[in-house]
Amino acid sequence: MNIDLTQTTSSQVNAALVKARRAAGFPAVGMVLTLVIVTDEGNHYDALKAASDASWEHPSRILVVIRRPGRSPRDRSQARLDAEVRLGGETGTGETVLLRLHGELASHTSSVVLPLLLPDAPVVVWWPEDAPEHPAADLLGALAQRRITDSAAAEDPAAMLGHRAETYAPGDTDLAWTRVTPWRSVLAAALDQKPTRITGAVVEGEEDNPSTELLALWLADRLDVPVERVVSGGPGITAVRLATPDGEICLDRPDGRLAALAVPGQPDRSVALHRRSTAELIAEELRRLDPDEAYHHALCHGLNARPGPEGCATRQPSAARRAARTPQAGAAADAGDAPGATGAPQGDEGAAAKEPEKAPGKPARAGRAAPGKPEKTGGKAGGR
């Protein structure tokens with residue numbers, strides 16, 4: 001059922017939702033969250049299709065906010081709300097409302113969206129394109145428990161990762177990070193089967209793929225080893241190699257669908273590692289609405305900073321911090337900063353051992369390149 005509303009208000013949209021629900025025979029509200037999609041006319045179809053597919057797993061009220069500020073001064077001075085209410089059919093198991101905000105109203109999206117949120121239900125905001133510089137400070141982002149962006153949609157994905165690290169707030173996440181979940185799972189399982197000491201790692205992937213950078217940062221943070229970035233032809237991430245005293249653990253995916261896992265002393269295995277659709281990525285993000293600490297730590301590792309409860313605790317590189325200390329204070333502080341050695345995978349990610357107590361006098365971990373400033377490897381930009 002579709003209901004078109006022109007020059008309407010939020011209260012009239014709510015009344016249309018109730019009318020459509022009763023006409024369809026669903027008087028009760030069985031949705032678990034509100035998903036707000038902030039997009040434009042050119043991208044709203046693909047975003048809505050992905051959200052509708054994800055709603056079969058997470059029944060939700062989907063609010064698609066389409067800003068149309070207008071080009072002429074006259075159009076920008078007007079304020080009009082047009083809405084389309086969809087229920088049933090291809091819209092999934094929830095409710096869908098398309099909100100087109102014209103003129104001056106495009107600058108006041110929160111006042112339109114707030115009355116349409118499901119009561120006592122979590123709110124997730126997703127920006128498929130053109131995310132705000134500080135999602136948590138955005139008026140819509142402030143309403144949400146979870147804020148989803150995509151660094152891959154930025155003009156400079158590596159620089160965007162650095163900016164996301166500087167503006168991080170609990171609840172922020174990135175679809176570039178969601179794309180590496182299968183890689184993290186397979187690598188963690190491989191180390192669970194063969195606990196060993198990792199001495200180095202190599203991540204191969206496309207030059208402008210932020211998922212390659214995030215996976216390398218996660219490995220460097222969890223394993224506390226140098227990670228080399230190597231540019232490949234793709235698609236996406238193509239291989240991860242972990243150096244061990246017994247040989248190399250290799251996860252190689254040249255075609256974007258099937259990967260080969262090689263572990264020393266074990267037969268080679270094939271692993272299904274296909275590149276997932278946007279609907280699958282959104283469905284994964286909607287499964288957990290608490291802050292993603294692993295994503296937070298990986299981002300902040302790129303700034304050579306210890307993550308705090310909100311954002312990175314410091315932006316100053318570790319080498320500069322040590323230079324600013326006295327020799328006595330620097331030695332004591334370096335001992336406190338030193339991470340533990342890595343063994344069998346444990347904890348949430350399963351890719352690194354739980355850090356033991358810091359040994360006094362152990363040197364601090366060397367600073368690594370921040371996102372957007374890749375190391376040079378093999379004559380190519382190692383960060384991509």
Closest heavy-atom pair and its distance - Ser151, Leu161
OG-CD2, 3.5 Å
Minimal heavy-atom distance between Asp150 and Asp174, with the atoms involved, is CA-OD1, 3.3 Å
For the residue pair Arg67 and Thr109, establish whether any side-chain heavy-atom pair is separated by less than 4.5 Å.
yes
Can you name the one residue among Leu33, Val36, Leu48 that meets side chain to side chain contact (heavy atoms under 4.5 Å, CB included) with Ile62?
Leu48
Donor-acceptor contacts under 3.5 Å from residues 118-145 side chains, at least two apart:
unit_1: Asp138; atom_1: OD2; unit_2: Leu140; atom_2: N; d: 2.9
unit_1: Asp138; atom_1: OD2; unit_2: Gly141; atom_2: N; d: 3.3
unit_1: Gln145; atom_1: OE1; unit_2: Val123; atom_2: N; d: 2.6

Please report the closest heavy-atom contact between Arg253 and Ala259, naming both atoms and the distance.
CB-CB, 3.8 Å
Determine whether a donor-acceptor pair (N or O, by modelled atom type, separation under 3.5 Å) exists between the side chain of His58 and the backbone of Ala283.
yes
When you compare the side chain of Leu214 with that of Leu299, does any pair of heavy atoms fall below 4.5 Å?
yes
Counting N and O atoms only, with roles assigned by atom type, does the side chain of Arg146 sit under 3.5 Å from a partner on the main chain of Thr173, one being a donor and the other an acceptor?
no
Write down the atom of Ile237, the atom of Ser211, and the distance for their closest heavy-atom approach.
CD1-O, 3.8 Å
side-chain hydrogen bond (donor to acceptor under 3.5 Å, both in side chains) between Ser60 and Ser55: does it pass, once the steps are laid out?
CA-CA 6 Å; Ser60 55; Ser55 72; 5.5 Å; no
Would you say the side-chain atoms of Arg21 pair up with the backbone N or O of Leu87, donor to acceptor, closer than 3.5 Å?
no
Please determine whether a side-chain nitrogen of the Lys or Arg among Arg241 and Glu204 lies less than 4.0 Å from a carboxylate oxygen of the Asp or Glu.
yes
Which atoms form the tightest heavy-atom contact between Asp292 and Arg288, and what is the distance?
CA-NH2, 3.7 Å
Using 4.0 Å as the upper bound for N to carboxylate O, is an ion pair formed by Glu41 and Arg68?
yes
Should the pair Arg287-Glu285 be classified as a salt bridge under the 4.0 Å nitrogen-to-oxygen rule?
no
Heavy-atom side-chain contact between His297 and Cys300 under 4.5 Å
no
Asp82 bridged to Arg80 by N-O distance under 4.0 Å
yes
Parallel under 30°, tilted from 30 to 60°, perpendicular over 60°: which one fits the rings of Trp218 and Trp177?
perpendicular
